[in-house]
Amino acid sequence: MLSERLLIVGGTGFIGSNLLLKSLEEGYSVTILSLNIISENLKINNVKYVHCDIRCFEDLKKKLINCSFEYVVNLGGYVEHSNFSDGGFKVVETNLNGVINLIKIIDWNCLKRFVQIGSSDEYGKNEAPQNEKVLGDPISPYSFGKLAVTQMLQMLYRTELFPMVVIRPFLVYGPEQNSERFIPQIIKGCLSGNQFPVSMGEQLRDFCYIDDITRGILLSLNNEKAVGEIINLGSGKPISIKKVIEKIKKIVGKGKPNFGEYQYRADENMFLYADIRKANSILNWYPEVGMEEGLKKTISYLK
């Protein structure tokens, strides 16, 4: 690796911060672009940090002036399931307008890969296991914004050979994840020893450990077969939410989940898990960290 330049948008988030560390190990010269301001004591040597809102075109253009990158990984945006009228329009704006601004500003002449991190939510209520060939079926502003970006990037690939890849991770988990996400919440609930509310847990989901996700993203950077493609990253093994909760409770050794106290979300897909054959064949990627091992590592961290 000849210190090729990598821009990670949203590089201070859960996936982004883990991707940063793995990218440095691989020898990339990394720039982090984030809405968050990083304190000096948390900054990593030889990493450039840029603070900017990607929705603000002029500010983004100013911050990236005279910068060029061989690789861009876009993790910008945030998970939000609000309806459009309840603020969901902001999610669409961040996902769609932010990516448009990035594409207008970055230098295409030296760009080798633009990796967009999409979402399994783009599949909506499509039948499981969800396959990359099926059309998206968004059921929220968040999933619509992600799908709109996917379709725009595919259009750019078809019309102008823009070197894009869309990675669709399913449910990612691991140490240092936001405490409001599902697995950290359940772990904290069990560690407390108190009763806590959960749904009936009949949903089938697909959980993939953070190290497997970052490895898959990095594999897509230099794989020509990945260009123009949408690629799922997940375990490929469905598991019920209830079984995950019970696994966590068993490892922790205590916990009192009240099943059925939470209602399912309106239009929630009860069966959302990945077909990962494309990742196998194109990236030669397989998940290496099993659920039991991943949960133990995450629980150990939260303890």
Side-chain angles (χ1 to χ4, degrees), residues 1-13 15-20 22-24 26-38 44 46-78 91-119 145-169 214 216-231:
M1 181 64 62
L2 300 175
S3 295
E4 291 181 296
R5 293 157 295 183
L6 167 63
L7 172 65
I8 304 177
V9 181
T12 58
I15 299 178
S17 57
N18 279 275
L19 181 63
L20 165 61
K22 296 295 183 183
S23 302
L24 294 173
E26 294 289 327
Y28 288 95
S29 174
V30 184
T31 297
I32 296 297
L33 194 156
S34 174
L35 190 59
N36 298 320
I37 299 176
I38 302 300
I44 297 174
N46 301 318
V47 174
K48 182 179 179 180
Y49 292 86
V50 178
H51 168 62
C52 185
D53 186 337
I54 61 174
R55 295 174 299 178
C56 302
F57 179 79
E58 292 301 329
D59 189 33
L60 183 63
K61 184 177 180 180
K62 181 179 178 180
K63 293 290 178 64
L64 295 183
I65 194 169
N66 298 325
C67 294
S68 58
F69 305 96
E70 282 86 8
Y71 305 96
V72 175
V73 176
N74 180 38
L75 284 148
Y78 53 95
V91 185
V92 176
E93 182 183 21
T94 300
N95 282 304
L96 184 54
N97 293 357
V99 176
I100 290 173
N101 287 341
L102 280 169
I103 291 171
K104 288 168 67 177
I105 289 168
I106 58 176
D107 182 2
W108 291 25
N109 292 320
C110 69
L111 184 67
K112 294 181 179 179
R113 197 77 76 249
F114 185 101
V115 179
Q116 167 69 13
I117 307 302
S119 169
K146 286 290 190 181
L147 183 60
V149 172
T150 294
Q151 294 181 333
M152 179 184 68
L153 291 173
Q154 287 187 306
M155 175 274 295
L156 287 174
Y157 169 71
R158 289 191 295 266
T159 58
E160 302 184 55
L161 294 179
F162 186 74
M164 52 71 61
V165 180
V166 172
I167 296 292
R168 278 185 183 157
T214 54
I217 294 170
L218 288 171
L219 284 171
S220 72
L221 295 184
N222 289 289
N223 189 315
E224 291 302 319
K225 292 181 181 178
V227 178
E229 300 290 346
I230 301 168
I231 302 175

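Just so we're clear, the structure is a prediction, and the values are computed from it rather than from any experiment. In what follows, every heavy atom counts, from backbone to side chain, and hydrogens, waters and symmetry copies are set aside.
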Using the test salt bridge (charged side-chain N to carboxylate O under 4.0 Å, His left out), find all partners of Glu224 that sit at least two apart in sequence or belong to another chain. Arg113

May I ask you to test the Ile54-Cys52 pair for a side-chain heavy-atom distance under 4.5 Å? no

Distance, nearest 0.5 Å, that separates CD1 of Ile100 from NZ of Lys104: 7.5 Å

About how many Å separate CG of Leu64 and CG of Leu102, when rounded to the nearest 0.5 Å? 7.5 Å

pair Ile217-Ile15: side-chain heavy atoms closer than 4.5 Å: yes

Does the side chain of Leu153 come within less than 4.5 Å of Ile103's, by heavy atoms? yes

For Val115 and Ser220 the tightest heavy-atom approach is CG2-OG, 3.6 Å

Drop me the distance from Thr31's OG1 to Leu20's CG, to the nearest 0.5 angstrom. 10.5 Å

Donor-acceptor pair, side chain of Tyr49 and main chain of Ile44, under 3.5 angstrom: yes

Counting C-beta onward and ignoring hydrogens, is there a side-chain heavy-atom pair between Leu75 and Ile117 closer than 4.5 Å? yes

Minimum heavy-atom separation for Cys110 to Phe69, with atom names? SG-O, 3.4 Å

Looking at side-chain heavy atoms only, is the closest gap between Val149 and Val166 below 4.5 Å? no

Could you tell me which residues satisfy salt bridge (charged side-chain N to carboxylate O under 4.0 Å, His left out) with Lys62, sequence neighbours excluded, listed by chain and number? none

Backbone N or O of Arg55 within a donor-acceptor pair of the Asn101 side chain at under 3.5 Å? yes

Does the side-chain contact (heavy atoms from CB on, under 4.5 Å) test come out yes or no for Val9 and Val99, once each step is laid out? CA-CA 10 Å; Val9 181; Val99 176; over 6 Å; no

Using 0.5 Å steps for rounding, measure from the CG atom of Asp107 to the CG atom of Asn66. 11.0 Å

Taking the six-membered ring for Trp, are Tyr71 and Tyr28 parallel (under 30°), tilted (30 to 60°) or perpendicular (over 60°)? perpendicular

Lys61 and Ile105 have their tightest heavy-atom pair at N-CD1, 3.4 Å

Can Glu26 and Leu218 be said to form a side-chain contact (heavy atoms from CB on, under 4.5 Å), step by step? CA-CA 9 Å; Glu26 294 289 327; Leu218 288 171; 4.1 Å; yes

Hey, are the side chains of Asp59 and Asp53 touching, using non-hydrogen atoms and a 4.5 Å cut-off? no

Gap separating the CG atom of Leu6 from the CD1 atom of Ile8, nearest 0.5 angstrom: 4.5 Å

Thr214 side chain to Asn18 side chain, donor-acceptor N/O pair below 3.5 angstrom: no

Does a side-chain heavy-atom distance below 4.5 Å link Asn97 with Phe57? no

Write down the atom of Ile167, the atom of Pro169, and the distance for their closest heavy-atom approach. O-CD, 3.1 Å

Looking at side-chain heavy atoms only, is the closest gap between Phe114 and Ile106 below 4.5 Å? yes

Indicate whether any N or O donor in one side chain lies under 3.5 Å from an N or O acceptor in the other, for Arg5 and Ser68. yes

Going by the rule side chain to side chain contact (heavy atoms under 4.5 Å, CB included), which residues pair with Asn223 if we only count those two or more places apart in sequence or in a different chain? Lys225, Ala226, Ile282, Leu283

Taking Lys112 for its side chain and Leu221 for its backbone only, find out whether a donor-acceptor pair lies under 3.5 Å. no

Got a second to check how far Arg168's CZ is from Ile231's CD1, nearest 0.5 Å? 11.0 Å

Closest contact, heavy atoms only, Ser119 versus Lys146: CB-CG, 4.2 Å

